[in-house]
Amino acid sequence: MTEPTGRDRMLVMGILNVTPNSFSDGGRYLDHAAAIDHGRQLAADGADVIDVGGESTRPGASRIGSAEEQRRILPVIRALAADGIRISVDTMNADTAAESVAAGAAIINDVSGGLADPLMAGVAARTGALFVLSHWRGHSAEMESQASYGDVVYDVMSELTAQLAAVVAAGVDAKQVVLDPGLGFAKTAEHNWEILSRLPELQAIGSPVLVGASRKRFLGALLPESASILDRDLPTAVVSALLADAGLWGVRVHDARATVVALDIHRRLGSTRGR
Ligand code: PMM
């Protein structure tokens, strides 16, 4: 399923991490004004939604409280929403999700898929916000030790199906839910590639699917050792182009412009071939 974005392509979710320590952009947008500027830039670059997060989920990261998380993100969400930009909030805390929706967010993006905070599903149900539910096994501190599967796609599918059933039992409408395989969350590079190569199996669950490969370590592994984090935007855009026909709901990326250009090239080639 694709959303009515005004474009005949999947949705591009631009990432705005208002954190000192996020995976690839930590510290850059901790200042509210800088964060708001960057959000506006992502929208100008063609992002359909800006995903605002205040807590890093990088492997090994320790948790912050929801008060600090909200101090970081709520002014940013208010300002961008006031501009008419569609906002998603990247949080595992139900109270932060509720405050963010009140501040103008339309989407709750919970990388724990409702598992970290038992009150999250209730907030999604009450607000009616779209709910991005990711496959998740545990917090950053422990997730590397949890990357063990029989068949990773089968296991992710069955665990996601159980997570989906749990939030529906808590009152969430299944039509509100977007599923995400949670690349890198308790997954090795091999697991990520296996999932990317077998997305139709996850789509068979019946919900729209979002994929977040952007700047992740398994893409960095393709580059020379001297490559910087920003060099991962090229392989990220290539992944977006290769997934353009997959029938995804969307991709979550740091460099919205690169992905929008990649998707435009894909579409242009397709329409030229079809002439
Ligand atoms: N990855 C990160 C954070 N939030 N949300 C969704 N839905 N899917 C993801 O894969 C995802 C996410 C970690 O990456 P970052 O620290 O670079 O934002």
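Order of appearance sets the numbers: ligands from 1, and atoms from 1 within every ligand. This structure is a prediction, so every number in the text was calculated from the model and none was measured.
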Item to check | ILVMFWY cluster, Leu196 and Val156 together (side-chain gap under 4.5 Å) | outcome: yes
Item to check | Thr57 N/O under 3.5 Å from ligand 1 N/O | outcome: no
Ligand 1 atoms in contact with [X] (distance to a heavy atom under 4.0 Å):
{"X": "Asn17", "answer": "15 (P), 16 (O), 18 (O)"}
{"X": "Leu210", "answer": "7 (N)"}
{"X": "Val132", "answer": "7 (N)"}
{"X": "His254", "answer": "17 (O)"}
{"X": "Asp180", "answer": "6 (C), 7 (N), 8 (N), 9 (C)"}
{"X": "Asp90", "answer": "3 (C), 4 (N), 12 (C)"}
{"X": "Asn109", "answer": "5 (N), 6 (C), 7 (N)"}

Does even one non-hydrogen atom of [X] get within less than 4.0 Å of ligand 1?
{"X": "Met13", "result": "no"}
{"X": "Ser134", "result": "yes"}
{"X": "Arg215", "result": "no"}

Item to check | Candidate pair Phe218 and Leu183, rule side chain to side chain contact (heavy atoms under 4.5 Å, CB included), full reasoning | outcome: CA-CA 9 Å; Phe218 76 112; Leu183 298 181; 4.1 Å; yes
Next on the checklist: Under a plain distance cut-off of 3.5 Å, with no hydrogens placed, do Asn17 and Thr19 share a side-chain donor-acceptor pair?
Outcome noted: no
Item to check | Modelled atom types, side-chain donor and acceptor of Ser66 and Asn93, under 3.5 Å | outcome: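 Side chains of Ser66 and Asn93: no pair found under 3.5 Å.
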Next on the checklist: Give me each pair satisfying ring pair (Phe, Tyr, Trp, His ring centres under 6.0 Å) with a member in residues 140-176, each pair once, sequence neighbours excluded.
Outcome noted: Tyr149-His191
Checklist entry - What's the verdict on side chain to side chain contact (heavy atoms under 4.5 Å, CB included) for His139 and Met92, showing C-alpha distance, side-chain angles and the deciding distance? => result CA-CA 10 Å; His139 286 290; Met92 290 185 275; 3.9 Å; yes
Next on the checklist: According to side-chain contact (heavy atoms from CB on, under 4.5 Å), who are the partners of Ala125, at least two apart in sequence or on a separate chain?
Outcome noted: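 If we apply the side-chain contact (heavy atoms from CB on, under 4.5 Å) test to Ala125, skipping adjacent residues, the hits are Val172.
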Next on the checklist: For Ser207, run the side chain to side chain contact (heavy atoms under 4.5 Å, CB included) check against Thr161, Leu164, Leu133, Leu160 and tell me which one passes.
Outcome noted: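 Only one option passes, and that is Leu164.
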Checklist entry - Hey, looking at atom 12 (C) of ligand 1, which of Val111, Asn192, Leu133 has the closest heavy atom? => result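 Nearest option to atom 12 (C) of ligand 1, by heavy atoms: Val111.
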Item to check | ligand 1 contact on Val211 by region, counting heavy-atom pairs under 4.0 Å | outcome: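 Looking at Val211 and ligand 1, no heavy atom falls under 4.0 Å.
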Checklist entry - ligand 1 versus Asp51, non-hydrogen atoms closer than 4.0 Å: side chain, backbone, both, neither? => result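 Answer for Asp51: neither.
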Checklist entry - Rounded to the nearest 0.5 Å, what separation is found between the CD atom of Glu99 and the CD atom of Gln70? => result 5.0 Å
